[in-house]
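Presented below is the structure to which this report refers.
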Amino acid sequence: MHELSIVANLFDIMEEQVREQKAKKITGVKLQVGRLSGVVPEFLETAFHMYKKGTIASEARLEIENINLTYRCCSCGKTMIKDDYILICDACGSTDLEMLAGTELLLERMEMEV
Amino acid sequence: MKTLVLGLGNELYGDDGVGLHVVRFLRDEINSLAFRPSCYQNVFFEECALTGLALLDVIEGYDRLIIVDTIKRSHPKAGKVYHIDGKKLRHIPGPSPHYVSIPQTIDIGREAGLKMPESVEIIAVEAKNIYDLGEGLTEEMQKSIPEIIETIKKTLQKNPDEKGESMEKKEVLVLKDLLGSNKKIASEIREQLQSKGILTLNFLSSPGTGKTSLLEKIADKLSSNYKMAVIEGDIETERDAERIRAKGIPAWQITTGGACHLEAKMIGRLFPEIPPDLDFLFIENIGNLVCPASYDLGESIRCVLLSIPEGDDKPKKYPKAFTTSDCLIITKADLVPALPFRIEQAKKEALEMNPRLKTFVTSSTQDSGIDELMDYFISSLKKLRQKNA
Ligand SMILES: Nc1nc2c(ncn2[C@@H]2O[C@H](COP(=O)(O)OP(=O)(O)OP(=O)(O)O)[C@@H](O)[C@H]2O)c(=O)[nH]1
Ligand SMILES: [Mg+2]
Ligand SMILES: [Zn+2]
């Protein structure tokens with residue numbers, strides 16, 4: 001349950017952006033959360049809406065895009081989603097796979113009133 | 001606030017279908033947006049060929065109604081777009097059967113106890129041809145489609161009650177890692193410790209897997225030839241640090257007071273106290289197989305421990321710990337006779353997830369497998385020193 005501490009980091013980054021843009025209000029936040037990010041999107045959501053109370057993001061909505069665990073085979077070049085975590089190429093059986101996506105934990109974009 | 005954008009008309013009658021066409025187009029466009037701006041939140045789109053009281057069902061439950069429809073005048077400027085405030089609507093002579101009845105429809109709906117829109121706006125387009133069957137949109141009408149769509153968007157962006165300019169909305173692409181600050185501190189720690197030739201190891205496992213017991217054994221094996229120190233992470237108590245100190249090894253206790261993982265900055269705070277001539281720095285993370293996996297502490301080697309009583313099905317259940325580790329240590333091997341743990345199965349599952357994992361099987365009570373583990377630690381230390389030289 002480290003989602004609350006992640007949300008605290010999120011608000012630090014959001015504050016930076018508010019200062020940079022001289023914004024008056026945050027109205028929307030979008031995150032990218034990889035399958036292997038180590039966080040539970042639902043907990044992140046709960047923590048976000050708890051944390052935002054009384055801040056300039058109090059009316060902000062949160063959108064979370066879940067990112068699949070995606071690998072590329074270094075032997076045959078095929079790209080594939082591996083949500084079972086078994087790192088064996090579907091096409092050629094190689095175990096030499098390179099991760100392309102799935103560990104993201106990103107603040108992608110924000111919508112603010114300026 | 002719930003808004004309905006309602007396209008009225010009939011596609012079979014030439015230009016009369018423009019409201020339907022435009023609303024359909026806008027719905028598809030907004031649904032395909034990666035990120036819906038807030039002026040499009042809670043906005044619904046409907047197409048409708050009905051008029052009069054038949055509309056009651058369609059408009060019930062909304063707070064704001066925006067109607068897109070055609071009007072026909074005796075000398076039309078075909079394609080001209082009007083935005084009409086519903087409050088003024090009653091005073092406009094009704095050239096189209098579609099919208100003259102709107103105020104009446106709403107009044108009747110209210111009388112009947114239905115929730116009717118408080119605000120009604122009409123986006124009307126002058127049509128050239130709404131009486132001929134099956135002609136499709138005239139050229140003039142097709143040309144004005146972008147303007148109609150723009151007018152609807154502007155209408156949605158404005159609050160219906162707002163007199164003046166609405167607040168400007170700005171969308172900013174940020175693309176920042178929420179764990180970025182931890183990662184940054186961790187890389188600095190790793191760089192500094194490695195440049196001093198110190199091999200740092202982060203021990204990760206659920207509570208009671210035998211992390212401290214293994215560290216006690218490691219102390220027995222290494223301390224005569226190597227200089228080691230231990231950072232102990234626990235939610236409460238100095239107990240684990242005291243167990244290590246009893247072996248004559250320097251140990252720091254970090255108590256998090258509730259937090260479920262160690263973070264790089266906690267290690268950073270201890271930095272000034274860490275002797276620069278160490279060979280090995282061991283970090284025992286908080287007993288938890290989930291959260292610590294997300295936090296790089298600046299270690300050179302991450303070890304995940306899994307004990308026989310926990311069961312051989314754990315790798316897939318706690319993927320992050322197993323995919324981010326360099327080394328798997330299966331502990332309490334002396335308990336294999338008593339429990340249905342399949343060592344090969346656990347290793348296989350972990351290796352499928354992370355083929356570069358080094359695997360070891362140990363028992364601290366029987367002192368088995370620990371020498372092999374020490375060989376791995378010592379050869380890793382040598383590799384680090386060679387790289388530095
Ligand atoms: N049978 C057996 N028991 C062990 C072994 N290693 C540790 N234990 C026992 O397992 C229990 C937990 O051991 P610890 O070393 O305290 O485990 P830990 O992972 O440090 O626990 P936390 O720090 O609380 O997460 C103790 O009762 C140990 O005696 C082993 O190799 N075999
Ligand atoms: Mg311990
Ligand atoms: Zn392949």
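Within every chain, numbering begins at 1; the chains are lettered A, B, ... in the order of the sequence lines, protein sequences first and strands thereafter.
Only the side chain of A:E16 comes within contact range of chain B, judged by heavy atoms closer than 4.5 Å. Only the side chain of A:I13 comes within less than 4.5 Å of a heavy atom in chain B; its backbone stays farther off. Using a 4.5 Å cut-off between heavy atoms, A:D84 contacts chain B through its backbone alone, with no side-chain atom that close. For B:E349, no part lies under 4.5 angstrom from a heavy atom of chain A. Looking at A:E108, the atoms closer than 4.5 Å to chain B (heavy atoms on both sides) sit in the backbone and in the side chain alike. In this structure, chain B has no heavy atom under 4.5 Å from any part of A:V33. Neither the backbone nor the side chain of B:P292 comes within contact range of chain A, judged by heavy atoms closer than 4.5 Å. Of the two parts of A:Q32, only the side chain, counted from C-beta on, holds a non-hydrogen atom closer than 4.5 Å to a non-hydrogen atom of chain B. With a threshold of 4.5 angstrom between heavy atoms, B:P355 approaches chain A through side-chain atoms but not through N, CA, C or O.
The number of heavy-atom neighbours closer than 6.0 Å to CD of B:E29, taken from other residues, nucleotides and ligands shown, is above 12. Other residues, nucleotides and ligands contribute at most 12 non-hydrogen atoms within 6.0 Å of the NZ atom of B:K348. The neighbour count for A:E59 CD, taken as heavy atoms of other residues, nucleotides or ligands under 6.0 Å away, does not exceed 12.
The CE atom of A:M110 sits 12.0 Å away from the CG atom of B:L173 when rounded to the nearest 0.5 Å. The distance from the NZ atom of B:K176 to the CE atom of A:M14 is 13.5 Å, given to the nearest 0.5 Å. Annotation: the span from B:E352 atom CD to A:Y85 atom OH amounts to 14.0 Å, rounded to 0.5 Å.
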B:H261/A:S5 under side-chain contact (heavy atoms from CB on, under 4.5 Å): CA gap, chis, key distance, verdict
CA-CA 10 Å; B:H261 58 273; A:S5 106; 3.8 Å; yes
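Within the 4.5 Å cutoff, side-chain heavy atoms of A:E113 are placed close to those of B:K169. The closest side-chain heavy-atom distance from B:Y295 to A:H2 is below 4.5 Å. Using a 4.5 Å heavy-atom threshold, the side chains of B:V172 and A:R109 count as separate. Two residues are said to be in side-chain contact when any heavy atoms from C-beta on lie closer than 4.5 Å; A:Q21 and B:K170 meet this criterion.
Taking A:L87, A:L107, A:T27 one by one and counting their heavy-atom pairs under 4.5 Å with chain B, the maximum is reached by A:L107. Among B:R356, B:K316, B:E263, the residue making the largest number of heavy-atom pairs under 4.5 Å with chain A is B:K316. Across A:K30, A:M112, A:R61, A:Q17, the residue that shares the most heavy-atom pairs under 4.5 angstrom with chain B is A:R61. The most heavy-atom pairs under 4.5 Å with chain B, out of A:T95, A:N9, A:L106, come from A:L106. Chain A forms the most heavy-atom pairs under 4.5 Å with one residue out of B:L178, B:T324, B:D177, and that residue is B:L178.
For A:S37 against B:K320, the heavy-atom pair with the smallest separation is O-NZ, 3.4 Å. Here the closest heavy-atom approach between residue A:G38 and residue B:S294 is recorded as CA-OG, 3.7 Å.
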